[in-house]
Every structure is written in structure tokens, then in C-alpha cells.
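A short worksheet on the structure shown next.
In what follows, chains are A, B, ... by sequence order, proteins preceding strands, each numbered from 1.
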Number of protein chains: 2
Amino acid sequence: MSSGATTSRSVCPVTYALEIFGDRWTLLVLRDLLLEGRSRFKDLLAANEGIATNVLADRLRRLERRGLLSKTRDPTDARQLVYAPTETAIGLVPMLVEMMIWSASQGQARVAPSFIARFEKDREALVTDLQAEIRARIGKPQL
Amino acid sequence: MSSGATTSRSVCPVTYALEIFGDRWTLLVLRDLLLEGRSRFKDLLAANEGIATNVLADRLRRLERRGLLSKTRDPTDARQLVYAPTETAIGLVPMLVEMMIWSASQGQARVAPSFIARFEKDREALVTDLQAEIRARIGKPQL
DNA sequence: CTGTATCCTTAGGGATACTG
DNA sequence: CAGTATCCCTAAGGATACAG
């Protein structure tokens, strides 16, 4: 489980994106960090039904190196580490939203109707709101 | 290289999406089909630097089974097979566009400035235009 | 709690030869 | 051209024990 080199320059934007989160777990971690508000190792572990500790550690390390997340100590409890998405990661929210909406349109995944309604009414506003919520949340890295 | 079962119902929309194109190649094939206008086996083979014939065949088969693409014969040349994205696949264009824009924003991938300009001016229109182009192209499955 | 360190297994994928 | 069929091999990932 090497932590890899800082990979080959990709010409294609799709290839580049896949280099970062084109594997089985990374995007799920990002989802939990961004949309589920999880910020602790143990919460991330519990979330993705069955990710192994070494795999999660590896993904968090890669994401940190890529500048998608930051790792700090919880000021109220120095034993606790807190992971938070950076602005770079928050920039993925539009893509995640489109992905979720597509899945919902397939009728195979459960997406809150209120979410779909907001999307249909004003996608731009939905994305902006979600991003604002994330920034507010990590402002105070509370649980 | 089994062609897999028609997979487990996913609750999470991100997980569901990843089940379909969360591997190393599928999204690249989709990119070529949707944005590069490739429609023949050989063109798809040539595109993704180095995809193996068996892997490409497998991905095309899965995508067809999932209803993301259709396979027909070229009316002008019955020996030729033509792959075309379905409306389901065309529905992925918004997500692909967001992905490309994100990569471009990272400054690591080359995306045409004109594309970025169109995106910044009117994202909605860009997506609609791209989708219209795709539908026009596959209307007559020309090369 | 947040990871490392191992060990082990397997699915995914590369290469290549071959076929309708 | 458009695949199929093999063979092989490695990297990714599960399980688990252990450490700071």
C-alpha cells in the first residue's frame, strides 16, 4: 500500500480527475467529508461499509498530499484528529451533485426528494448552499 | 474478465454511480463516446492509450447491459459496428463537464480556453449545446 | 483513537494469439 | 474489423495484530 508518487501530468481533464479519485474508495471518503460532515477517522471507518483501516489511512494521506484535505487536532480534545476538506475539495461539490442527480434519475439510488426539488428549482443555489454549509461546519470543526 | 451480475442495489447515489463507472476505464470510454465522438471499436482502442481489446470489449458490454450505449451496424457499411451513447449516458454530460472544469481549475489538465469561457458565461447553455451536438452526431452515426 | 505493519487473496488488467 | 480466449501477473484491497 505505497503512498505513490506525485503522478504523471495528465493532459486530459477526465484522466486527471480519475488519477485523484478514480478508485473504489476515494470518492466515498470525499462524500463523507463533504456531504456527510464526517471528520474523524473512526466515523469515516464506520461510514463506508467495510473500508479497512490501512486503506482509509492511505486514502486520507493521498488526499492530504494532493491538497484536498487538511488534518488538524481538535482544540477541545488534543487526542482527536480532525479531517477537513480544503477549498479544492469543496470545488468538487458541483460534480458530486451532478453525479447524485444522475443516479437519482436512474431510479436506483435513494436521494432525498427535497434535494431533488432544490436542484430542479435552482441548481446554482443548491450548490452554493451546500458549499456554504461545509465552510460553516469546518469553521468550527465540531462533531 | 467476467461480465458480472446486475449488481447489488445501492442506497447511496455516489456508490451507485461508482458501481457503473467507478473503475479505471469506463469513464474514459464514456468520454470518448460522448465528447470525442468516437463510435468504433478501433477508434476507442486507439484513444485510451493502451486499453486492451478484452478490457474494451468488456466495458462496452457492461455499458450496453446497463443501458448506457447501443450497438448497431453502420447502414452504409454492414461490416462496421457503431456504438452510440443512449440518453442515459448523455445525462452524464453535466457531471463530466463539472469534472473537467474542476480539473482545469487545478491547473493540471489542458482544457480548451474556449470551453472554459463558455462554461463561465453560461454553464447551462454549454451543457445543452454539448448534448445537442451528441444527439445530432448519433442521429446519423457517421464517423 | 489513530493509525502501522503484515500477510494473504483475488479481481482487474496487460499481452498475445486466434477467429468469424 | 471486431472481437474472443488464454495465460499470466501485479497492484489493490481484506483481515488482523499491534503500536503511539
Per atom distances to the R61(B) side chain, the nearest of dC1(D), dT4(D), dT2(C) is dT4(D)
Checking dG13(D), dA2(D), dT2(C) against the side chain of R40(A) (C-beta onward), the nearest is dT2(C)
For this session: Run the numbers on T72(B) and L81(B) for side-chain contact (heavy atoms from CB on, under 4.5 Å), then give the verdict.
Result: CA-CA 6 Å; T72(B) 56; L81(B) 292 177; over 6 Å; no
Separation of atom [atom1] in [X] from atom [atom2] in [N], rounded to whole Å:
{"X": "D23(A)", "N": "dG13(D)", "atom1": "CG", "atom2": "P", "result": "5 Å"}
{"X": "E19(B)", "N": "dG12(C)", "atom1": "CD", "atom2": "P", "result": "13 Å"}
{"X": "L28(A)", "N": "dG13(D)", "atom1": "CG", "atom2": "P", "result": "11 Å"}
{"X": "D58(A)", "N": "dA11(D)", "atom1": "CG", "atom2": "C1'", "result": "12 Å"}
{"X": "L56(B)", "N": "dA15(C)", "atom1": "CG", "atom2": "P", "result": "15 Å"}
{"X": "L81(B)", "N": "dG20(C)", "atom1": "CG", "atom2": "P", "result": "16 Å"}
{"X": "L60(B)", "N": "dG13(C)", "atom1": "CG", "atom2": "C1'", "result": "15 Å"}
{"X": "D74(A)", "N": "dC1(C)", "atom1": "CG", "atom2": "P", "result": "14 Å"}

Could you walk me through whether V127(B) and F119(B) pass the side-chain contact (heavy atoms from CB on, under 4.5 Å) test, one step at a time?
-> CA-CA 8 Å; V127(B) 167; F119(B) 178 87; over 6 Å; no
* Passes side-chain contact (heavy atoms from CB on, under 4.5 Å), L96(B) versus L27(B)? Steps please. -> CA-CA 9 Å; L96(B) 276 170; L27(B) 206 60; 4.3 Å; yes
Salt bridge (charged side-chain N to carboxylate O under 4.0 Å, His left out) with D129(A): of K121(A), R118(A), R123(A), only one passes, and it is R118(A)
Output one line per pair: protein atom, nucleotide atom from nucleotides 16-20 of chain D, and distance, for all N/O pairs under 3.5 Å.
| residue | atom | partner | partner atom | Å |
| --- | --- | --- | --- | --- |
| dT16(D) | O4 | T53(A) | OG1 | 3.4 |

Name every donor-acceptor pair, under 3.5 Å, that has one atom in a side chain of residues 29-38 of chain A and the other anywhere in the protein, sequence neighbours excluded.
| residue | atom | partner | partner atom | Å |
| --- | --- | --- | --- | --- |
| R31(A) | NH2 | N48(A) | OD1 | 2.8 |
| D32(A) | OD2 | N48(A) | ND2 | 3.2 |

Residues 82-92 of chain B vs side chain to side chain donor-acceptor pair (under 3.5 Å), sequence neighbours excluded, gives E87(B)-R135(B)
Has [X] got a side-chain N or O lying under 4.0 Å from the OP1 or OP2 atom of [N]?
{"X": "R24(A)", "N": "dG14(D)", "result": "yes"}
{"X": "R59(A)", "N": "dG13(D)", "result": "yes"}
{"X": "K42(B)", "N": "dG3(D)", "result": "no"}

Discussion item. Would you say that F21(A) contacts M99(B) through its side chain, given a criterion of any heavy-atom pair below 4.5 Å between the two side chains?
Written reply: yes
